[in-house]
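Below, read A as the first sequence line, B as the second, and so on, with proteins coming before strands; counting in each chain starts at 1.
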Protein chains: 2
Amino acid sequence: MATILDVAREAGVGVGTVSRVLNGRERVAPGTRARVLAVIERLDYSPNLSARSLSRGRTEAICLLVPYLTSASVNARLQGVVEGLQSSGRETFLQIVDSVDQRDRAIASIVEGAKPAGLLVISLPLSDNVMACLREAEIATVGVDVALDGVPSVTVDDIEGGRLATRFLLDRGHRAVAFVGDLEDQPLGFRSSQNRRLGYLDALANAGIEQADEYVKSGPFGRASAHRLTRELLTLAHPPTAVFAASDVQAFGVLEAIRSDGLRVPEDVSVIGYDDIELAPYVGLTSVHQPLFESGQMGAGLLMARLRQEEVENVSLAVSVVERDTVAPL
Amino acid sequence: MATILDVAREAGVGVGTVSRVLNGRERVAPGTRARVLAVIERLDYSPNLSARSLSRGRTEAICLLVPYLTSASVNARLQGVVEGLQSSGRETFLQIVDSVDQRDRAIASIVEGAKPAGLLVISLPLSDNVMACLREAEIATVGVDVALDGVPSVTVDDIEGGRLATRFLLDRGHRAVAFVGDLEDQPLGFRSSQNRRLGYLDALANAGIEQADEYVKSGPFGRASAHRLTRELLTLAHPPTAVFAASDVQAFGVLEAIRSDGLRVPEDVSVIGYDDIELAPYVGLTSVHQPLFESGQMGAGLLMARLRQEEVENVSLAVSVVERDTVAPL
DNA sequence: GTTGAACGTGGAAGCGGTGCCACGCCCCGA
DNA sequence: TCGGGGCGTGGCACCGCTTCCACGTTCAAC
C-alpha cells in the first residue's frame with residue numbers, strides 16, 4: 001500500500017500539502033491540488049484509517065446502537081440503515097444492547113473508547129446526560145424511531161398510529177375495542193406501546209366512548225403473553241368485538257387465542273396489529289404500516305448529511321392502515 | 001484516558017515492559033507483572049486500538065461478510081454470530097455484499113485496508129485465490145453455511161436435507177414429487193438450492209422412482225417466481241401430488257399458487273419447505289429445520305478459538321423435518 | 001521603496017502503541 | 001577469576017497521518 005509520503009514524493013510536494021488536499025482544506029493552489037489528486041489516483045492511494053484515527057484522536061467509523069436484534073421491526077430498520085450507509089464507505093460497527101447494563105457499557109466504550117465519527121441509535125432512548133457526553137465528544141448522533149435530545153431524528157408518530165388503528169375499528173361500527181400491549185415500565189425505556197395506547201384512548205374519547213379499564217391489557221412482549229391476555233378478554237362478561245394489538249407479534253398471539261377459543265376472525269372478533277412486519281401479509285393481518293426500512297434509510301441519510309456538516313431537520317414519517325382479512329364491520 | 005506511558009511511569013517501569021505485560025509475552029518477572037497489572041487496574045487503562053493497529057499493521061476487529069441481509073436465514077445466522085461475538089469485546093463491523101462487484105470491493109478493502117484480525121463469512125463462497133490472500137494477510141477466517149478452502153467452518157449438509165425432505169414425502173406415499181428451487185448459476189455462487197435438488201434426486205433414485213424432468217423447476221429466488229413455477233406444475237398432464245420447495249419463502253409462493261387454483265393444502269397437494277424460518281410456524285408450514293441461529297453462534301465460537309490460536313475442527317450441524325400442517329399422506 | 005498581510009508550502013512534532021536492540025545482572029562452567 | 005549466555009528490562013525508532021509553525025512569495029497600500 002502506498003503511503004502519504006509516497007504520494008508526496010511522487011507529486012513533488014510535502015506531506016502536509018497532500019494531507020490538505022486529502023481533507024479538502026483551503027490554501028492549496030489549484031495546480032498543486034490537481035497534481036496531487038492525479039498521483040493519488042495513479043497510485044491508488046487511500047489513507048490508513050488507523051493512522052488517521054490515532055492522529056485525529058477519533059475514529060472515522062459509524063457505530064450503530066441497536067436493541068434486540070431479534071425484533072422484526074428493529075431488524076427491518078437496521079436493514080435500511082445498513083443499505084443507506086453502504087455508499088458512505090465508512091466502517092460500520094454494530095453494538096447490540098439487550099439490557100440496561102449492556103447499554104451503559106456500550107455507551108462508555110463509544111464515548112471513551114472507539115470515538116466513532118457518527119452514532120446511529122435505533123429505538124433506544126438515551127438520557128440527557130448521555131446526550132451531553134456525546135455532544136461533548138463531538139459524535140454526530142442521529143435517532144431512528146426515537147427522539148433524542150438535541151440531535152436530528154427520524155420518527156413515526158405512535159400516538160397518531162394508535163388513533164388511526166382505533167378509528168379504523170370504530171369506523172366499522174365496533175364499540176367494544178380492547179387493547180393488548182407491552183408492560184409500560186420498560187427497563188430500556190421503550191415507549192411505543194405506551195404511545196399507541198394513548199392514541200387508542202384518545203380516539204375512543206373523541207368518539208365519546210367511555211372506556212372500561214378491563215379492556216386495556218398489558219404484559220411482557222411476545223406472542224405467548226398476548227395469547228394469555230386475550231383469553232382474559234374473552235372471558236369478560238362483555239368481551240370485546242375488536243382488539244388492537246400494539247404490535248404484529250402480539251396480534252399473532254391474539255389471533256391464536258381467539259381461534260383456540262373456537263371463535264372466528266374477523267366474523268366474531270376483529271383484530272388489527274401494528275408494524276406491518278414481513279409476516280403480516282402471509283397471515284392476512286390488518287395492520288398499521290410504518291415505513292420501517294425507509295426510516296432506517298432516512299436515518300442513514302441524516303447521519304451522512306450531519307457528517308458533511310450540513311444542517312438537517314427532523315423527519316416524521318406517516319403511518320397508514322393496511323387492510324387485509326382480520327377486521328370486519330360489526 | 002490513561003496512556004501506556006502513564007502506566008509505565010506509575011509502575012516505575014518502561015513502556016516496553018508494560019507492552020509485554022499487556023500482550024502476555026514471556027520475559028517479565030512475576031513481581032513486575034503484578035505491579036503493572038495493579039496499576040492498569042487502578043488507572044482503568046485500556047490500550048488505544050488505533051495506535052495498536054497502526055503499530056501492528058493490523059486491526060483487532062472482526063469483520064462479518066454477509067450477503068443479502070434481507071434473507072431471513074442469513075439474518076438468523078447473523079444474529080447468532082453477533083450474540084456469540086458479543087463477549088469477545090472486539091469491534092465487529094459488517095460488510096454487506098449483494099453483488100459480485102460489491103463482494104470483490106469488500107474483499108479488497110478487507111485484505112488491503114482494514115486488515116481485521118478475524119473474518120467471518122456467512123453463506124458466501126470465496127475463490128481459492130481470495131482464500132490465499134486471506135491466509136497471506138494472516139486474517140483468521142471462518143465460514144458459516146459455507147465451506148471455505150483451508151479454514152474451519154460450520155456447515156449444514158444441504159444434500160442430506162434434500163434427501164430428508166424428499167423421503168418424508170415418499171414415506172407418505174407420494175410418488176409424483178416436484179421440486180421448486182433457485183436458478184443454479186448464482187452470480188455469488190450459492191449452492192444450497194442446487195445441493196437440495198441433488199438430495200431430492202438421490203432420494204427419488206433410491207426409491208426407484210424415475211424422475212420426470214418436468215417436475216424440476218427453477219427460477220429467481222422469491223415468492224412470485226415460485227408461484228409462477230407452481231402454476232406450471234399444476235397445468236401438467238399429471239400434476240405432482242407433493243412439492244418440495246428449496247426454501248420456505250419459495251414454499252409460501254407454492255402454497256399461494258396451489259390455493260389460488262382452488263386446491264387445498266395438504267388434502268390435494270402436499271408442500272414441504274426448507275429453513276424453518278420464523279414465519280413457518282405461523283403458516284403451519286412443514287419444513288426442514290436447520291439450526292440457523294446456532295450455526296452463527298458456533299461460527300463465532302470457532303473464530304474466537306482461532307484467534308486464541310487454538311486448533312479447531314469443522315462442525316457439521318444436523319437437519320431434521322419439522323412436521324406441521326402442509327403434508328398429508330397420499 | 002518599504003511594509004506587511006495573505007497565500008502556498010515544507011517539515012517536524014506529536015498521536016499511543018509495538019518490537020527490537022542493547023545493557024546490566026546473575027549464574028554457571030572452565 | 002574470568003567469560004559467556006540467559007533473563008529482565010529500558011528506551012527508542014517506527015507505524016502513517018494531522019496539524020501547526022515557520023518560511024518564502026506575491027501584491028496591494030502607503
Does A/E310 have more than 12 heavy atoms from other residues, nucleotides or ligands lying within 6.0 Å of its CD?
yes
Could you state the CZ-C1' distance from A/R9 to C/dT9, rounded to the nearest angstrom?
18 Å
A/V15 has a side chain; which of C/dT18, D/dT18, D/dT9 sits nearest to it?
D/dT18
Using the 3.5 Å cut-off, write out each protein N or O paired with an N or O of nucleotides 21-25 of chain C and the distance between them.
none

Would you mind reading off the distance between B/K115 atom NZ and D/dC15 atom C1', rounded to a whole angstrom?
12 Å
Below 4.5 Å, heavy atoms only, C-beta onward: do A/V36 and A/Y45 meet side chain to side chain?
no
Does B/G16 reach a base, just sugar-phosphate, or nothing at all? Heavy atoms under 4.0 Å.
base
A/L37 CG to A/L22 CG distance, which is reported to the nearest 0.5 Å
8.5 Å
Rounded distance (Å) that lies between atom P of C/dT18 and atom CG of B/L49
10 Å
To the side chain of B/Y45, which of C/dG17, C/dT18, D/dT18 is closest?
C/dG17
OP1 or OP2 of D/dT9 sitting under 4.0 Å from any side-chain N/O of B/T32?
yes
A/R52 side chain, from C-beta outward: closest of C/dT9, D/dC17, C/dG19
D/dC17
Between C/dG17, D/dT18, D/dC17, which nucleotide has the shortest distance from any of its atoms to the side chain of A/T3?
D/dC17
Any side-chain heavy-atom pair of A/L188 and A/L124 under 4.5 Å
yes
Which heavy atom in B/G143 sits nearest to a heavy atom in B/L148, and how many Å separate them?
CA-CD1, 3.9 Å
Can you measure B/L5 atom CG to D/dC12 atom P for me and round it to whole angstrom units?
12 Å
Please report, rounded to the nearest Å, how far the C1' atom of D/dC15 is from the CG atom of B/N48.
13 Å
Which nucleotide, C/dT9, C/dG10, C/dT18, lies nearest any side-chain atom of B/I4?
C/dT18
side-chain contact (heavy atoms from CB on, under 4.5 Å) assessment of A/Q186 paired with A/F221
CA-CA 10 Å; A/Q186 296 282 322; A/F221 182 84; 5.8 Å; no
Would you tell me if any nitrogen or oxygen in the side chain of A/T17 comes within less than 4.0 Å of OP1 or OP2 on C/dT9?
no
For B/S55 and for B/G14, find the nucleotide of DNA chain D with the closest heavy atom, then tell me which residue's nucleotide is more 5'.
B/G14
Quick check on side-chain contact (heavy atoms from CB on, under 4.5 Å): which of A/V28, A/V18, A/V39, A/V21 does A/V13 satisfy it with?
A/V18
Of the candidates C/dG17, D/dC17, D/dT9, the side chain of B/A51 sits closest to C/dG17
Closest non-hydrogen atoms of A/N314 and A/S153, given as atom of the first, atom of the second and distance, are OD1-N, 2.9 Å
To the nearest 0.5 Å, what is the distance between CZ (B/R58) and NZ (B/K115)?
7.0 Å
How would you label the contact of B/R25 with the nucleic acid (heavy atoms, under 4.0 Å): base, sugar-phosphate, or nothing?
sugar-phosphate
What is the distance from atom CZ of B/R52 to atom CG of B/N23, rounded to the nearest 0.5 Å?
5.0 Å
Using a cut-off of 4.0 Å on non-hydrogen atoms, how would the nucleic acid contact of A/G12 be classed: base, sugar-phosphate, or nothing?
sugar-phosphate
Hey, what are the protein-to-nucleotides 4-6 of chain D N/O distances that come in under 3.5 Å?
none

B/R33 has an atom CZ; how far is it from atom P of D/dC7, in whole Å?
14 Å
Quick note, A/L54 side chain, CB onward, closest among D/dG16, C/dT18, C/dG8 is D/dG16
CE of B/M1 versus C1' of C/dG16: gap in Å, rounded?
11 Å
Contact under 4.0 Å: B/S19 side-chain N or O vs C/dT18 OP1/OP2
yes
So do the side chains of A/S295 and A/V154 get within less than 4.5 Å of each other, counting heavy atoms only?
yes
Rounded to the Å, how far apart are B/N23 CG and C/dC20 P?
12 Å
